[in-house]
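Just below is one structure, and these are the notes that go with it.
Both ligands and their constituent atoms are indexed starting at 1 by order of listing. Each residue takes its place number in the sequence, starting with 1.
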Amino acid sequence: MRVGTPTEIKNHEYRVGLTPESVRELSAHGHDVLVQSGAGLGIGADDAEYVAAGATIAETAAEIFEKCDMVVKVKEPQAVERAMLREGQILFTYLHLAPDPEQTADLVQSKATCIAYETVTGTGGLPLLKPMSQVAGRMSIQAGATALEKAHGGRGILLGGVPGVSPGKVTVIGGGVVGFNAAQMAAGLGADVTILDRNPDVLESLGHYFEARAKTRFSNKANLAECVADADLVIGAVLIPGAEAPKLVSREMLSTMRPGSVLVDVAIDQGGCFETSKATTHQDPTYVVDDIVHYCVANMPGAVSRTSTYALNNVTLPHALQIANKGWEAALRDDAHLAEGLNVWNGHVTYQAVADDLGYDYMPVSEIVGTKTT
Ligand SMILES: NC(=O)c1ccc[n+]([C@@H]2O[C@H](COP(=O)([O-])OP(=O)(O)OC[C@H]3O[C@@H](n4cnc5c(N)ncnc54)[C@H](O)[C@@H]3O)[C@@H](O)[C@H]2O)c1
């Protein structure tokens, strides 16, 4: 199969669909790989590295879309990219269609086969979303630690403290992938860490993992109020799947915090879990409300494009290889988790939630590829 990766063109997106190492794997399986000139510069990989891995360099994205059977990207295709999609062409990338009627309409019209990273399932979760939550969770402590510095508007607290001086206090709200990774980083720095969740199983496994290195509390109004008031740094990491994040920290609660304390709202991509959150960018990541510093960057992994690209490729490449090796129909028929990724095919919406939200008829994937007979 001929597989291609164009340069990402969404504002400040520095990740790339395929690393040179992924190109090498695809080439070793006998596939032709086309990479747009400069596509890897945001992760420090130049054209020569891609050529050494077996890629052919294409000057333009148009050449990639024209020549390739499968296009592998990171972000949803932008309007100019959607206009280049062809009938029957495979698009493998993040799509996030439900809140995006324009993109959905264009993909339906293109008659391309569109497989979305974010809806591919796995045992216990969404494996192609997980690495980005791991990155954001780990980054949240870095971002919070920087914001706590005096010159950045913070209280002037070093999270780990030093011998003879207490460490900073970190409250993590939500103990899922983001929260676990945030707590790991904070505990690793020597901070005083408390994690709140409302799922007893999550609290139990966090308790087993962290033992004395972090406290766990059930997430109710009283415990939240106490832990927020006591914290130097609060990480918002809750998720209620498919719903807007609940506003767990009200503006009123800010007045109970010490001035110069920091809120990092990782859940901002679902509307945020603090009443005073509004989305910010990497150019201007923080703002202050009632003496509390807020960091609310909606695409945190974009700042660490190299780590994020490699983490993403670790989970996407095995699927890309299956699709390239077997063709998309057999790959989806053989792997029910990958089949969940098909969102649009040949002018039909094939993902129930997208069809329901945007008013399309829903065509089940099983009707298209059949089900596996063993
Ligand atoms: N800003 C970014 O760049 C970025 C990057 C990755 C993920 N995210 C977002 O971070 C959020 C968390 O993602 P995740 O992968 O950790 O989700 P997850 O499902 O793994 O974890 C969410 C946790 O929140 C808990 N929760 C739900 N309601 C709660 C409440 N009232 N109090 C306390 N805990 C509660 C759940 O029990 C669960 O353990 C999501 O909104 C996700 O989209 C943002």
Side-chain angles (χ1 to χ4, degrees), residues 10 12-15 74-75 94 96 98-99 117-119 121-144 171-185 194-207 209 214-228 231 234-250 253 263-275 277-282 285-286 294-305 307-308 311-312 315:
K10 194 168 178 177
H12 289 292
E13 179 54 64
Y14 303 107
R15 289 173 289 177
V74 179
K75 296 303 284 186
Y94 285 120
H96 296 287
Y117 293 161
E118 72 275 6
T119 63
T121 53
T123 35
L126 300 170
L128 307 203
L129 267 187
K130 190 175 181 182
M132 295 305 104
S133 285
Q134 291 171 326
V135 168
R138 286 170 180 235
M139 262 189 85
S140 69
I141 299 301
Q142 258 175 239
T171 289
V172 180
I173 310 175
V177 180
V178 168
F180 172 76
N181 281 274
Q184 254 191 332
M185 289 297 108
T194 303
I195 315 163
L196 295 108
D197 204 291
R198 58 176 193 174
N199 181 335
D201 295 335
V202 169
L203 291 171
E204 193 176 328
S205 65
L206 290 170
Y209 179 83
K215 287 157 269 192
T216 56
R217 301 280 297 270
F218 185 73
S219 178
N220 59 27
K221 280 191 188 311
N223 286 345
L224 264 172
E226 194 184 313
C227 294
V228 167
V234 179
I235 308 294
V238 301
L239 176 66
I240 299 175
E244 204 178 311
K247 300 283 179 264
L248 298 175
V249 176
S250 65
M253 286 162 79
L263 300 181
V264 174
D265 200 343
V266 186
I268 189 67
D269 62 341
Q270 299 289 334
C273 57
F274 310 138
E275 188 186 351
S277 293
K278 60 175 196 301
T280 58
T281 62
H282 288 295
T286 59
H294 291 56
Y295 175 105
C296 304
V297 175
N299 64 332
M300 294 173 70
V304 288
S305 46
T307 302
S308 297
L312 185 60
V315 290

> Which atoms form the tightest heavy-atom contact between Met139 and Ala303, and what is the distance?
Replying inline: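 Smallest heavy-atom distance, with atoms named: CE-CB, 3.9 Å.
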> Looking only at heavy atoms, which two atoms of Ile195 and Gly175 are closest? And how far apart?
Replying inline: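 In terms of heavy atoms, the two residues are closest at CG2-CA, 3.9 Å.
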Are side-chain heavy atoms of [X] and [Y] found at a separation under 4.5 Å?
{"X": "Val178", "Y": "Ser133", "result": "yes"}
{"X": "His282", "Y": "Asn299", "result": "yes"}
{"X": "Phe274", "Y": "Ile173", "result": "yes"}
{"X": "Asp197", "Y": "Thr216", "result": "no"}

Please give the N or O to N or O pairs under 3.5 Å between ligand 1 and the protein, distances rounded to 0.1 Å.
from, atom 1, to, atom 2, distance (Å)
ligand 1, 1 (N), Val266, O, 3.0
ligand 1, 1 (N), Val297, O, 3.2
ligand 1, 1 (N), Ala298, O, 3.3
ligand 1, 3 (O), Ala298, O, 3.0
ligand 1, 3 (O), Met300, N, 2.7
ligand 1, 15 (O), Ser133, OG, 2.8
ligand 1, 16 (O), Val177, N, 3.2
ligand 1, 16 (O), Val178, N, 2.7
ligand 1, 20 (O), Val177, N, 3.0
ligand 1, 24 (O), Leu239, N, 3.2
ligand 1, 28 (N), Arg198, NE, 3.3
ligand 1, 32 (N), Ser219, OG, 2.7
ligand 1, 37 (O), Asp197, OD1, 2.6
ligand 1, 37 (O), Asp197, OD2, 3.4
ligand 1, 39 (O), Asp197, OD2, 2.7
ligand 1, 41 (O), Asp269, OD1, 3.3
ligand 1, 43 (O), Asp269, OD1, 3.1
ligand 1, 43 (O), Asp269, OD2, 2.7

